[in-house]
Amino acid sequence: MDEQRIEIPKVVYQGEDRKLKERVSKFKSGSFRIAVFTVVGCIMGAYSHIYTSVGFLPIKVILAIPYKINEAIYVSIIGTDSTKQNWYWNFTEFFPHSIIATFLAEVCTTILIGGAIYGSLAYFSGDKRVFTLGRYMKFGAVWCAVILSAVGASYFVNAKAVYDNENLKGDPVFTVVNSEGRGCGIGGGEDGNSVKEIFYSELEERAIARDFKGELPLRIVFDSVRYCVCGVNYEKQYLVTEKGRTYHISAEFAQIIRRYEEEGVMMPEGVGIEIIK
């Protein structure tokens, strides 16, 4: 039986090995440059908030770019619940109720924006044959998703903080403010705990007709991370939250507010206080 031979055609590579190696080399070096620029951009984003204290204009502008973009997202485009007239309390221009939400907005998001900006700069300055527009679209889409996730997390954390504040949840530290704007803080320890017990003893949400003229500011810090400014009326024995929910307070807690307003001292006697001017 005759053997059949199968001839495999020879294909000659038409390209040049030198060009292929050159592209691979440029891809590696370009990727490393993008990584370096991204890391540097993240570091610059972390320190972007200090741009106001920098005197050298070029450095000031470079540092300010991530922060101003971040500021535009939170303040101008989306908006936050921050207010500059918040009953003697002006914590931040981002989220005045939550330290964690503010950190996510002011620090974490700015870091990500810095990485995205300077990483993109390195991408566009690379070899256009290797770093094409299509590849950059994927690169940019990933950064947009990460930044939007950070923005969403900031608003979620703040919304949770506002909800907890409205329900007066957490371990509170009080600062009573009189009609002259003078504040007295009640800290921790046994004395502070006794005031907390008095505060929660008869605390109950009720529909109470408000007397705005008789309300005094009461600053409350919950769990050291959430800020709340309520109004308190010691004559009608109620506390009102920022969104207008009214709570009945005990006569003992109302007496603490009354005595500080009228006599400049706190009740009950022996409570450790810190005078804040």
Side-chain angles (χ1 to χ4, degrees), residues 27-84 86 89-126 130-165 221-227:
F27 178 79
K28 290 182 177 179
S29 61
S31 298
F32 179 75
R33 187 179 66 255
I34 291 171
V36 171
F37 270 60
T38 300
V39 172
V40 172
C42 289
I43 294 173
M44 294 179 68
Y47 292 95
S48 184
H49 62 282
I50 68 170
Y51 76 94
T52 54
S53 62
V54 177
F56 189 52
L57 185 59
I59 301 297
K60 186 184 188 76
V61 172
I62 293 173
L63 275 177
I65 290 174
Y67 189 87
K68 299 307 288 185
I69 292 176
N70 182 61
E71 188 179 53
I73 292 174
Y74 282 100
V75 179
S76 302
I77 299 176
I78 303 177
T80 68
D81 56 358
S82 178
T83 173
K84 292 185 177 179
N86 194 13
W89 194 289
N90 184 18
F91 174 60
T92 172
E93 64 178 327
F94 291 99
F95 297 106
H97 301 100
S98 173
I99 290 178
I100 298 174
T102 295
F103 178 78
L104 288 172
E106 194 168 14
V107 179
C108 294
T109 311
T110 311
I111 289 173
L112 295 174
I113 291 174
I117 291 174
Y118 292 101
S120 299
L121 181 63
Y123 212 105
F124 282 123
S125 63
V130 179
F131 299 101
T132 61
L133 181 60
R135 284 184 174 177
Y136 176 74
M137 294 299 291
K138 295 179 181 178
F139 177 84
V142 171
W143 272 114
C144 286
V146 173
I147 292 172
L148 288 175
S149 297
V151 173
S154 301
Y155 281 93
F156 174 79
V157 170
N158 183 68
K160 180 66 167 56
V162 172
Y163 174 82
D164 289 341
N165 286 350
V221 180
F222 289 104
D223 301 324
S224 302
V225 294
R226 300 195 334 264
Y227 292 83

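In this chain, residues are counted from 1 in sequence order. Model, not experiment: these values are computed from the prediction.
Side-chain contact between R226 and D164 is present, with heavy atoms from C-beta onward closer than 4.5 Å. Within the 4.5 Å cutoff, side-chain heavy atoms of N165 are placed close to those of F222. Using a 4.5 Å cut-off on side-chain heavy atoms (C-beta onward), H97 and N158 make contact. A 4.5 Å side-chain heavy-atom check between R135 and Y123 finds at least one atom pair inside the cut-off. Side-chain atoms of Y227 and P96, non-hydrogen and from C-beta on, never get closer than 4.5 Å to each other. Counting heavy atoms from C-beta on, the side chains of I62 and M44 come closer than 4.5 Å. Two residues are said to be in side-chain contact when any heavy atoms from C-beta on lie closer than 4.5 Å; S154 and Y74 meet this criterion.
To the nearest 0.5 angstrom, Y47 atom OH is 11.0 Å from L63 atom CG. The CD1 atom of I43 lies 13.5 Å from the OG atom of S48; values are rounded to the nearest 0.5 Å. Here the straight-line distance linking atom OG of S98 with atom CG of L104 works out to 8.0 Å at 0.5 Å rounding. Atom CG of N70 and atom OG1 of T110 lie 3.5 Å apart (nearest 0.5 Å).
Side chain of S53 to backbone of I50: a donor-acceptor contact under 3.5 angstrom is found.
I147 pairs in a side-chain contact (heavy atoms from CB on, under 4.5 Å) with only one of the listed residues (I69, I111, I113), which is I113.
Counting heavy atoms of neighbouring residues, nucleotides and ligands inside a 6.0 Å radius, atom CD1 of I117 exceeds 12 of them.
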Quiz item: side-chain hydrogen bond (donor to acceptor under 3.5 Å, both in side chains) between S120 and Y136: does it pass, once the steps are laid out?
Solution: CA-CA 8 Å; S120 299; Y136 176 74; 2.9 Å; yes
Quiz item: Can V142 and K138 be said to form a side chain to side chain contact (heavy atoms under 4.5 Å, CB included), step by step?
Solution: CA-CA 6 Å; V142 171; K138 295 179 181 178; 5.7 Å; no
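Looking only at atom types and distance, the side chain of T38 has no donor-acceptor partner in the side chain of Y118 under 3.5 Å away.
Using a 30° and 60° split on the angle between ring planes, W143 and F139 fall in the perpendicular class, above 60°. The aromatic rings of Y51 and Y67 lie tilted to each other, with the angle between the two planes from 30° to 60°.
Side-chain rings of F95 and Y155 approach one another, their centers coming within less than 6.0 Å.
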